[in-house]
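The structure under discussion appears below in the form of structure tokens.
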Amino acid sequence: MTEAQERHPFLLSTAIPNRRQRRLAVGIVAALIAAMLLVAPFAHVGLPGTEILIPGYAAAAFLIELLTAAFLFALFSVDRSRAVLLLGTGYLFSGLLVIPWALTFPGVFTPLGLGADMQVTAVIAAGRRLGFAVCILAYALTKDRKPRDRIRGSLGRVIMGRAALVAGVALTLVLAVALRAEDLPAFMLDARQVAPFWHYIPVASAVLYLASLAALWARLRSTLDLWLMVVLGTLLIEIILISYLGGGTRLSTGWWAGRVFGLASASLVLFVLLSETTTLQIRLARSVRSERLARESRLTAMEALSASIAHEINQPLASMITNASAGLRWLDNDIPRVGEARSALERVVRDGHRARDVVDGIRNLFKKDSRERVPVDMNRLIVRVLRRIEEETHLGRVSIEADLEVGALPVTANPMQMEQVVSNLVANAVDALSTVTDRSRIVRVTSRSLEGEVLVTVEDTGPGIDSIVRHRIFDPFFSTKPEGMGMGLMFSRSIIEDHGGRLWMSDNVPYGAVFHLTLPSNPPLSGSDR
Ligand code: ADP
């Protein structure tokens, strides 16, 4: 694949033709050859009076070639390849010259007073054919140039400049031949029959076409190359029909068939360009849409993240406020109870540290080493979390039971994140118990080592989770609590999955919910864990 193909894999000038396109191209050439052979026996037959069709033919050719040029210039504006610009130039030149060719065609516009020397039309036809052939050859020879050869600068100026240049050259040619008709080479014997000198033109064109065909064949890279080869094949057939099978006689069956072939070949490129442009547009629309979706989901992720930051910080902050108020109350006593006040303040300090750790942890998410994983003993981590939470659970009259596997449960994890997950699950369980009045309020944390995994469960005897909302509890912002942010479970699940584990919930028997988390286990720890 060339660099241009990597940059613009969808463009006609860079897309690699597939097998189906190649087969279709071969099929079209075969059909054209068959059509030529069908026409061949009648090619000599003259069709007098058909001059009347010339303006129609010319108008069609003019439109098709100009549109093709416009599409090629549009293609150039994307891939900026000099070769595509040259090809567009060829089509524009050919399209523009078809007008004076028709206007000067003997017997067509004579009633309008438009007449010219019979050589004029032939010279314009020769200029048109050779100019186009040279442009195609130039395309074939320059198409694989390095990207640094690409044309830079203002696109509008380059394209308008090129169009003005082509129009200027075409106009100069027409004016020159019209004004110097007497000096023109004798291409025509009369209005219908070409002179022997004319034969250089089809031969020269055929040589140029064959050279282009060989160059394209040798370096067939893009869909455009493929269809240009078909066009060249059609143009060769056109020459054979017009100049040889038709006996060089204008308005013969062969001559007209050649014209039709010429139109067909021009329409072919136009058709391919059109269909490719439509495909390109569809792809663009799709990629814009998926880009927008990706941007939206990035935004949602950012919103989720900022909400989770607030969530994680709010927990220690709330606890700090409670403890600080308690401390103040102890001091406001008639006999200030300094001991209690001191321990309340110690809890404030501890929560302050925790809030700072949360901020550090979240900031670490964005750092390269945020994914830093170290050996962790899950049992010790659970004990640490439960100790910290004890204070709050005491206030809520919740009893916490820990049923941990004997010994260490080694995993590789980010200890900060793991603590957040366990404390989220326990805090949720404690919250769920707040409405329970008719039975014991118990949160039970268990840990087990299974095959290659560590399983931790957090059970409670709360109301459990309604089956209607069960599928939503891991969604961001889903919360049934008045002050809840609904980020805890989402955050916990993403942390656990990031560690290669799973987090899910099931019903506890007879009451409440159980949250299960698994993590891949490590070989037993050798040193101290974190
Ligand atoms: P928050 O705690 O801010 O509401 P979470 O994501 O941690 O956010 O929880 C989402 C919801 O899941 C809670 O609002 C609650 O309805 C439900 N939930 C979580 N844990 C439990 C539990 N142990 N028992 C009952 N419901 C729970």
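Predicted model only: the values in this text are computed from it and were never measured. Here, residue 1 is the first one in the sequence, and each next residue gets the next number. For ligands, and for the atoms within them, numbers begin at 1 and follow the listed sequence.
- When each atom of ligand 1 is checked for a heavy atom of L489 under 4.0 Å away, the hits are 5 (P), 6 (O), 7 (O), 9 (O), 12 (O), 19 (C).
- Heavy-atom minimum distance, Y139 versus S222: OH-OG, 4.1 Å.
- Residue-ligand proximity, F478 to ligand 1, at heavy-atom distances under 4.0 Å covers atoms 10 (C), 11 (C).
- Heavy-atom contacts of A432 reach the following atoms of ligand 1: 22 (C), 24 (N), 25 (C) (cutoff under 4.0 Å).
- Of the heavy atoms in L425, none comes closer than 4.0 Å to ligand 1.
- Checked against F71 for a side-chain contact (heavy atoms from CB on, under 4.5 Å), the options L273, V272, L66 give a single hit: L273.
- Set against the non-hydrogen atoms of I473, the atoms of ligand 1 under 4.0 Å away are 6 (O), 10 (C), 12 (O), 17 (C).
- The salt bridge (Lys or Arg N to Asp or Glu O under 4.0 Å) test applied to R502 returns E453, not counting sequence neighbours.
- Look at N424 and you'll find every heavy atom at least 4.0 Å from all atoms of ligand 1.
- Sorted by first then second residue, the side-chain hydrogen bond (donor to acceptor under 3.5 Å, both in side chains) pairs that include residues 462-473, not counting sequence neighbours, are R470-D507.
- Between the side chains of S449 and S521, no donor N or O sits under 3.5 Å from an acceptor N or O.
- Under a 4.0 Å heavy-atom criterion, F515 is in contact with ligand 1.
- Residues R221 and D144 are paired through a salt bridge, judged by an N-O separation under 4.0 Å between the basic side chain and the carboxylate.
- Rounding to the nearest 0.5 Å gives a distance of 11.0 Å between OG of S492 and CD of E497.
- The contact set between ligand 1 and G464, taken as ligand atoms under 4.0 Å from a residue heavy atom, comprises 25 (C).
- For ligand 1, one of its N or O atoms has an N or O atom of T480 under 3.5 Å away.
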